[in-house]
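Data block below; observations after.
Just so we're on the same page: letters track the sequence lines, and every chain starts at 1.
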Protein chains: 2
Amino acid sequence: MRYSVGHKQETRERLLQSSATQAKNNGFSTVGVDALMKAIGLSGGAFYTHFTSKDELFGSIVERELSQSLERLGGEGRQNQAKLRRCLKQYLSVAHLQQPGAGCALPALGAEIARGSVEVRQEAQDWICRLHQAWAQTLGSESLAWSILSQCVGALVVARMLVSPSIQQQVLASSHEQIIGQLEGLPED
Amino acid sequence: MRYSVGHKQETRERLLQSSATQAKNNGFSTVGVDALMKAIGLSGGAFYTHFTSKDELFGSIVERELSQSLERLGGEGRQNQAKLRRCLKQYLSVAHLQQPGAGCALPALGAEIARGSVEVRQEAQDWICRLHQAWAQTLGSESLAWSILSQCVGALVVARMLVSPSIQQQVLASSHEQIIGQLEGLPED
DNA sequence: GTCTATAAAGCGATAGAC
DNA sequence: GTCTATCGCTTTATAGAC
């Protein structure tokens, strides 16, 4: 073997990162294996030393993306309402709206995950429920946690369909405002 | 011409209806022209007498679907809060969750619309803003109207990714509960 | 208006050389 | 581990017969 032992793992990691970005930007089913590999400077044939099929890659992307989202959104360690507020502001920002490839996978790939295999959906459910539990703990309400999560995802889906930047911003700002309002008068954790 | 004058229009309508259902169920980019035509009992070649391209069909689907959603969700005529509550209950129902093909296009095709042409997105924006205006009138708040719209779309996107029916129902019920709570204490229209 | 046939390109996946 | 070449299938779109 002419390649170092860590090389395959590194290549796999680069492939996962690059593919996730492309999938969130242009849709996973839309982009071909050849384009995925070309983006990291490799040929299409080399793909199958890292994954047995394109579907397997999709599963790994979902796993990797949602675990990252969980980290960013406060699944790790103890959380307070102030930290949650900062996460919400970032999630509902114009920067997140304009850069699907660098953002959360739920608004960008939600519909494709829903049409995916049971394994992929189970993987997604695990991470989503972990995030929900963390938020429910912070908020003291399981119902409110689900509601806010849905609203965040929906706001990005809706806003990204629009053409006018000012209306896009209204959609994001409205959800942010309404959520902040719901956080007022909540018992401190 | 051996066909009646209304025949082409009828065929076009059947094609639009059938294609919209397939697109919402399995994704628009995923399904091929041949499958779209076969579903209404015609061959793939006949497609291009009705639309010049597959993209043009997508635009017509979005137009038709969103105009129907606007009707169902209360864009037509005057509306009151009681009627809006009934719409919300239906939108956030398990039946809607389980039948994407018969339901609203926003959760099912939102990401694909976002990646679509400016024309398609402009069309989507027009209908979405009309719905928003109707709801804002009923609710007396533009911000609350955007927030509820985002939450409805997001709840379906999130719930449809999950595997467990009971958690799916929790997601829908949570958004419904939180929205109803926000409607309490609102001035009557 | 719809059919069959076909062109031209792209897809996912495999085989063998290096 | 990656490359090139290729198989077999599907895709969007067009051409010509009926």
Stretch residues 54-65 of chain B: residues that reach within less than 4.0 Å of DNA chain D through a heavy atom:
B:Lys54

Within residues 108-117 of chain A, residues whose heavy atoms come under 4.0 Å of DNA chain D:
none

Donor-acceptor pairs under 3.5 angstrom involving side-chain atoms of residues 30-49 of chain B: please list them, not counting sequence neighbours.
from    : atom 1 : to      : atom 2 : distance (Å)
B:Thr30 : OG1    : B:Asn26 : O      : 3.3
B:Thr49 : OG1    : B:Ala46 : O      : 2.9

Below 3.5 Å, can you tabulate the donor-acceptor pairs from side chains in residues 103-111 of chain B to any protein atom, sequence neighbours excluded?
none

For residues B:Val62 and B:Ala124, report the shortest heavy-atom separation together with the two atoms involved.
CG1-CB, 4.3 Å

Write down the atom of A:Ala102, the atom of A:Lys24, and the distance for their closest heavy-atom approach.
C-NZ, 4.0 Å

With no hydrogens and no angle check, do the side chains of [X] and [Y] hold a donor and an acceptor under 3.5 Å apart?
X	Y	value
B:Gln17	B:Arg64	yes
B:Gln151	A:Ser150	no
B:Gln170	B:Ser174	no
A:Glu123	A:Trp127	yes
B:Ser143	B:Ser141	no

Rounded to whole angstroms, how far apart are [atom1] on [X] and [atom2] on [N]?
X	N	atom1	atom2	value
A:Phe47	C:dA15	CZ	P	17 Å
B:Ile40	C:dG1	CD1	C1'	12 Å
A:Arg12	D:dT2	CZ	C1'	17 Å
A:Leu15	D:dG1	CG	P	14 Å
A:His50	D:dG1	NE2	P	7 Å
A:Glu10	D:dT2	CD	C1'	16 Å

Please check this pair: side chain of B:Gln137 against backbone of B:Gln79, looking for a donor-acceptor N/O pair closer than 3.5 Å.
no

Among [options], the one nearest [X] by side-chain distance:
X	options	answer
A:Tyr48	C:dC3, C:dG12, D:dT4	C:dG12
B:His7	C:dG1, C:dT4, D:dG1	C:dG1
A:Ser43	C:dT2, C:dA13, D:dC3	D:dC3

What residues 17-37 of chain B contributes to the DNA chain C interface at heavy-atom separation below 4.0 Å is none

For residues 103-116 of chain B, which residue pairs pass the side chain to side chain donor-acceptor pair (under 3.5 Å) check, not counting sequence neighbours?
B:Ser29-B:Glu112

Phosphate contact (D:dT2 OP1 or OP2) by A:Thr11 side-chain N/O below 4.0 Å
yes

